[in-house]
Amino acid sequence: MGALVFHTIAVGADLNGAFEQARADAAHEYGTGGYSGSVHEKDSVTLIDEAPRTETKAVARANELIDQADSRIDAPRGPAGALPVVTDDAQHGWLIFGWAAH
């Protein structure tokens with residue numbers, strides 16, 4: 001068993017609702033057998049920043065936090081991180097990211 005970094009965009013104004021939808025989408029795509037390396041492996045999410053940014057800038061910030069081993073998102077069994085984004089098609093949502101068991 002190892003861990004993989006994941007990033008996923010979840011559209012919606014409510015972080016918890018968007019997170020649950022992202023988990024459901026990942027379960028549909030990767031299955032529910034565990035160790036998918038996806039957001040489906042996460043049970044909770046923590047808001048990292050409150051300033052919305054573009055998807056590209058959000059991914060860059062998420063990668064910085066991952067590279068710095070930020071304690072809020074560093075554990076494969078801990079919470080996912082979330083950064084608010086404005087998507088490329090002007091929708092408000094969240095970049096959900098972190099480490100997941102694989």
Run through Asp89, Thr87, Val85 and flag the one making a side-chain contact (heavy atoms from CB on, under 4.5 Å) with Val11.
Thr87

Closest heavy-atom pair, Ala22 versus Thr8, reported as atoms and distance to 0.1 Å, is CB-CG2, 4.3 Å

Which residues end up grouped with Leu47 if you chain together Ile, Leu, Val, Met, Phe, Trp and Tyr wherever their side-chain heavy atoms are less than 4.5 Å apart?
Phe6, Leu15, Phe19, Val39, Val45, Trp94, Ile96

List the atom of His7, the atom of Phe97, and the distance in Å for their closest heavy-atom pair.
CD2-CB, 3.9 Å

I'd like to know whether Leu95 forms a side-chain contact (heavy atoms from CB on, under 4.5 Å) with Glu55, so could you lay out the CA-CA distance, the side-chain angles of the two residues, the decisive distance to 0.1 Å, and finally the verdict.
CA-CA 7 Å; Leu95 174 71; Glu55 288 182 49; over 6 Å; no

Whether Asp70 side chain and Arg72 backbone form a donor-acceptor pair below 3.5 Å
yes

Expected output: side-chain Lys57 to main-chain Pro52 donor-acceptor under 3.5 Å
no

Could you pull out the closest heavy-atom pair between Gly37 and Ala100, with the gap in Å?
C-CB, 3.6 Å

For the backbone of Tyr35 and the side chain of His102, can you confirm whether one donor and one acceptor N or O come within less than 3.5 Å of each other?
yes

Please check if Trp99 and Val59 belong to a single hydrophobic cluster, counting links between Ile, Leu, Val, Met, Phe, Trp and Tyr side chain heavy atoms closer than 4.5 Å.
yes

Taking atom CG of Leu4 and atom CD of Glu41, what is their separation to the nearest 0.5 Å?
10.0 Å

Once rounded to the nearest 0.5 Å, what's the spacing between atom CG of Asp88 and atom OG1 of Thr54?
7.5 Å

For Glu50, I'd like to know if atom CD has over 12 heavy atoms of other residues, nucleotides or ligands within 6.0 Å.
no

Quick one: closest heavy-atom pair of Arg77 and Lys42, and the distance?
N-NZ, 4.2 Å

Please walk me through it: do Gln91 and Ile9 pass side-chain contact (heavy atoms from CB on, under 4.5 Å)?
CA-CA 11 Å; Gln91 296 185 65; Ile9 295 291; over 6 Å; no

Quick one: pull up CG in Asn16 and CD in Gln21 and give me the separation to the nearest 0.5 Å.
13.5 Å

If every non-hydrogen atom of Leu83 is compared with every non-hydrogen atom of Ala62, which pair is closest and at what distance?
CD1-N, 3.9 Å

Residues in salt bridge (charged side-chain N to carboxylate O under 4.0 Å, His left out) with Glu20, at least two apart?
Arg23

About how many Å separate CD1 of Ile73 and OG1 of Thr46, when rounded to the nearest 0.5 Å?
10.0 Å

